[in-house]
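These notes are about the structure you will find just below.
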Amino acid sequence: MRSLLALIFSASILAASSAFAETRVFIIANQADGYGSGQCLAKGETCGTSLARTYCQSRDFAKASSYRRVDPDEITGSVPKTGANCSHGRCDEYVAITCQR
């Protein structure tokens with residue numbers, strides 16, 4: 001009976017700890033750097049996997065669970081479509097990287 005109780009207790013602790021895993025989404029400007037790294041992230045290509053993971057690890061997260069291009073209309077707050085972040089009529093694109101601890 002005690003072993004069954006210990007097993008149930010252990011399972012509940014394990015389930016509770018995974019429920020508290022921290023997830024955070026970072027929105028970053030996808031600026032052309034000449035290396036094509038921004039396009040890997042924006043297009044969701046496999047070459048963006050290591051870039052997203054490195055970005056998350058630089059912010060003390062264990063891994064990147066996803067990354068994708070974000071339309072400025074999806075971002076809460078004010079992101080100008082024209083102005084300081086546009087050059088020659090071309091505005092920055094944005095990328096969302098989801099990081100987990």
## Note on the structure
Taken to the nearest 0.5 Å, the spacing of R24 CZ from R101 CZ works out to 8.5 Å

### Task
Check whether any side-chain heavy atom of Y67 sits under 4.5 Å from a side-chain heavy atom of L51, and report yes or no.
no

### Summary
Here the pair of heavy atoms bringing I97 nearest to I28 is CD1-CD1, 3.9 Å

### Message
Are F26 and F61 an aromatic pair, judged by ring center distance below 6.0 Å?
### Response
yes

### Query
Do R53 and Y55 meet the cation-pi criteria used here (NZ or CZ under 6.0 Å from the six-membered ring centre, within 45° of the axis)?
no

### Task
Please tell me if the side chains of V70 and I27 come closer than 4.5 Å, counting only heavy atoms from C-beta onward.
yes

### Message
Test your reading of the model: is there a side-chain donor-acceptor pair from Y94 to the backbone of R69, 3.5 Å cut-off?
### Response
no

### Query
Should the pair E74-R68 be classified as a salt bridge under the 4.0 Å nitrogen-to-oxygen rule?
yes

### Message
Looking only at side-chain N and O atoms, does S65 offer a donor or acceptor that is under 3.5 Å from a partner on T98?
### Response
no

### Query
How long is the span from the SG atom in C99 to the CZ atom in R59, to the nearest 0.5 Å?
8.0 Å

### Task
Indicate the atoms forming the closest heavy-atom contact of S50 with C47, along with that distance.
OG-O, 3.8 Å

